[in-house]
2 protein chains.
Amino acid sequence: MTTLSPSGPVAGQRKVRRATMNDVARLAGVSIKTVSRVVNDEPGVHPSTAERVLAAIDQLGFRRNLSARNLRRGSSTGTIGLVLEDVGNPFYSGVTRAVEEIARLRGRQVISGSSDEDPGRERELALEFCSRRVDGLLIVPAGLQHSYLVPEMRAGTPVVFLDRPAGDVVADTVLVDNIGGTVEAVTHLAAHGHRRIAFLGDAPDIFTANERLRGYREGCVRAGIGYHEELVAMGPHDESSVATTLQRLQNLREPATAIVAGNNRITVHILRSLAGVAERPALVGFDDFELADLLSPPVTVIAHDASALGKAATDLLFARLDGDNSPPRRVVLPVRLVPRGSGEVHA
Amino acid sequence: MTTLSPSGPVAGQRKVRRATMNDVARLAGVSIKTVSRVVNDEPGVHPSTAERVLAAIDQLGFRRNLSARNLRRGSSTGTIGLVLEDVGNPFYSGVTRAVEEIARLRGRQVISGSSDEDPGRERELALEFCSRRVDGLLIVPAGLQHSYLVPEMRAGTPVVFLDRPAGDVVADTVLVDNIGGTVEAVTHLAAHGHRRIAFLGDAPDIFTANERLRGYREGCVRAGIGYHEELVAMGPHDESSVATTLQRLQNLREPATAIVAGNNRITVHILRSLAGVAERPALVGFDDFELADLLSPPVTVIAHDASALGKAATDLLFARLDGDNSPPRRVVLPVRLVPRGSGEVHA
DNA sequence: GGCCACTATGACAACGTTGTCCCCCAGCGG
DNA sequence: CCGCTGGGGGACAACGTTGTCATAGTGGCC
């Protein structure tokens, strides 16, 4: 069909048909089933036969076709699907790493994809993974509608949502204590005398952003400093919008003396905007990040562990794969305030 | 076989056999081939028939089995395998993101795995991906032996190595200009009057570490300051070994006044060791990293773009998939020195 | 010597899909 | 009335593997 190029272990070769068990069998002078037995380390093959088969496998560069195997066996494909927001974000790459780690221990490969907060893309990825018959699905939801997963779940594919809850299905979920975290941040700042504490968060249609806002509000009320609309700025933030917001907070009749940042990206934007500014407001950021301790002042954060999140979710997934069919669980991982300096400035 | 639980869109259900085209066909009262035609948008199906089929698909929650499809069609599985050192490392997660991006544009999914610098693990991952019949393979080599890939390459799986070259096969490779980068770093420091410039790098059996050492040596020679063994510390580094090394460099008869760090992890270790130290040596780090500009002093680095690396490698891979079978190429991406302060300290 | 147990191996179907080829039937021109 | 055309649809094999079952040979034991 295609011409075989000269040979030699170099690239740029014409496509050659891959050897199958049949080819191996023919070369070794045995039946295909015997090859299968050898490949799968099944007992009942004479050592000398096995040797012949192995030699043939080696000679032909045979590699068993997992598509065929999975099709025939019908059981596990040995893959886990992971849909997240952006693998490029250090937080999610930490999650990915943890998922991979555990999947590896359980003999699974990870297929991942980034949704970029696009619900359509999330759905596309998840369903594509289902078509590939992944053994389970880990999803950082971008949207609020997940009923498209019902047939998959019903067909036995366990799904665990992480970092954010699913929209309209009941399923296992692993979250971090967003509310508790911002409550603690506000309480901490108030304890240092701050009464004008601002909050910069993501768009409130993102679950975590909304939760953190709620925590902020709750913290303000508990601290007896009241909730003031003017101190809150939600919505997608980029470097310049953060700069503008900081200006505004500074120019209020009663300026903000402290800020709670809703996530690591916002924290970084704030730090960049404040670079070189003498009068800095106190700052507590949600999410820890590398080098936070080396900045001046070092940045106080609400820390939670990306790998703990990935691990908890993956453990839950494997529990389901192991047959646990208790009612769906919701796990909330604790956060902790790490005081480093930026949040311990007195008002 | 198994009992069907009450129904309802909840989790924790018993496993149910997945609907196949056959089931859909039966329900819609057509042949399986017609279902196939509908699923694949093939022409020649009466609209009313198609509608019946779609309704059945919906009712049964049918999702076509890609294993079977790929097996039957024999062509592309729509997947790309990516073996890297550690997805958790921001540099590689940037690479991953870029790869994913381009793969997506070309309708491919990415399967990835971390080798953790273990050649055995690298091989295991790569061969596993080959068993899954990935359309192509992107590898950040951990070891020096890659002849195990020859049968795969011969069978038509294109392989592109990135960040480091392959050991013993000729194949497409995308690298960054490691030597040029450290030459530039040393030249830059020498231009600011430094004559005692130290180099801290990874173990020299890692390609990039070795190259960067070569560049350092070359830079020293070119700058006329000579190469002094005592100023070099290679090998795996952790926080404490870096601290010890810095001590030693400080206590030399002629102490080091400047340091070149071989990668981002080492740079960070150095920064941590130097935290709070008044007399800081000048520092240039290989690899850029987030917040480098916000530290004090801001850190001068040799920057290169993770996504450019990922993109170049993936583009090359797709060119091969598109039929390009010119001789293997080696692409070297440029680096650039970003002066921020830490490297502009005069001796 | 006949029978049994056991080892080594093979024939064959089946997994779910798609490519190939074939059939039926309505409509139409001669 | 016949043959031809073309649209709509189906039967069947095949992709590469593995599970099930069958069988040939071998040696031991009564």
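Each chain gets a letter, A, B and so on, in the order the sequences are listed, and its residues count up from 1.
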Rounded to whole angstroms, how far apart are [atom1] on [X] and [atom2] on [N]?
{"X": "B/N70", "N": "D/dA14", "atom1": "CG", "atom2": "C1'", "answer": "15 Å"}
{"X": "B/R73", "N": "D/dG16", "atom1": "CZ", "atom2": "P", "answer": "15 Å"}
{"X": "B/I32", "N": "C/dT17", "atom1": "CD1", "atom2": "C1'", "answer": "7 Å"}
{"X": "B/M21", "N": "D/dG9", "atom1": "CE", "atom2": "C1'", "answer": "15 Å"}
{"X": "A/L71", "N": "C/dA13", "atom1": "CG", "atom2": "C1'", "answer": "13 Å"}
{"X": "B/N65", "N": "D/dC15", "atom1": "CG", "atom2": "P", "answer": "18 Å"}
{"X": "A/R133", "N": "C/dC15", "atom1": "CZ", "atom2": "P", "answer": "14 Å"}

**Q.** Inter-end axis angle, the helix from C/dG1-D/dC30 to C/dG30-D/dC1, with every axis fitted to five base pairs (rounded, 10 degrees)
**A.** 70°
Q: Ignoring backbone atoms, test whether A/T20 places a side-chain nitrogen or oxygen under 4.0 Å from the OP1 or OP2 oxygen of D/dG16.
A: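 Answer is no, no contact under 4.0 Å.
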Q. According to a strict under-4.0 Å criterion, is A/R64 in side-chain N/O contact with OP1 or OP2 of D/dT18?
A. yes
Interatomic distance, [X] atom [atom1] to [Y] atom [atom2] [nearest 0.5 angstrom]:
{"X": "B/N65", "Y": "B/R69", "atom1": "CG", "atom2": "CZ", "result": "11.0 Å"}
{"X": "A/T79", "Y": "A/R133", "atom1": "OG1", "atom2": "CZ", "result": "11.0 Å"}
{"X": "A/S112", "Y": "A/L138", "atom1": "OG", "atom2": "CG", "result": "11.0 Å"}
{"X": "A/S114", "Y": "A/L82", "atom1": "OG", "atom2": "CG", "result": "8.5 Å"}

Q: Go through D/dG9, D/dA14, D/dG19 for me and flag the one nearest to the B/R72 side chain.
A: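 Nearest to the side chain of B/R72 among the choices is D/dA14.
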Q.
From the set C/dT18, D/dG16, C/dT9, return the single nucleotide nearest to any side-chain atom of A/V45.
A.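 The listed nucleotide nearest to A/V45's side chain is C/dT9.
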Q. Between residues 33-44 of chain A and DNA chain D, which residues have a heavy-atom gap below 4.0 Å?
A. A/K33, A/S36, A/N40, A/E42
I'd like to know if [X] and [Y] make a salt bridge, using a cut-off of under 4.0 Å between side-chain N and carboxylate O.
{"X": "B/R329", "Y": "B/D324", "answer": "yes"}
{"X": "A/E152", "Y": "B/R18", "answer": "yes"}
{"X": "A/R106", "Y": "A/D315", "answer": "no"}
{"X": "A/D116", "Y": "A/R121", "answer": "no"}
{"X": "A/R108", "Y": "A/D135", "answer": "yes"}

Q: Indicate, yes or no, whether a donor-acceptor pair under 3.5 Å links the base of C/dT17 to the side chain of B/R69.
A: no
Q: Can you establish whether the number of heavy atoms outside B/E42 located under 6.0 Å from its atom CD is more than 12?
A: yes
**Q.** Greater than 12 external heavy atoms within 6.0 Å of B/R104's CZ
**A.**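 At most 12 heavy atoms, drawn from other residues, nucleotides or ligands, come within 6.0 Å of this atom.
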Q: Kindly give the heavy-atom pair with the smallest separation between A/V110 and A/A103, and that separation in Å.
A: CG2-CB, 3.8 Å
(Q) Using a strict heavy-atom distance below 4.0 Å, which residues from residues 46-62 of chain B are in contact with DNA chain C? (A)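 Correct list: B/F62.
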Q.
Considering every strand and a 4.0 Å limit on heavy-atom distances, what is the contact class for A/L66: base, sugar-phosphate, or nothing?
A. nothing
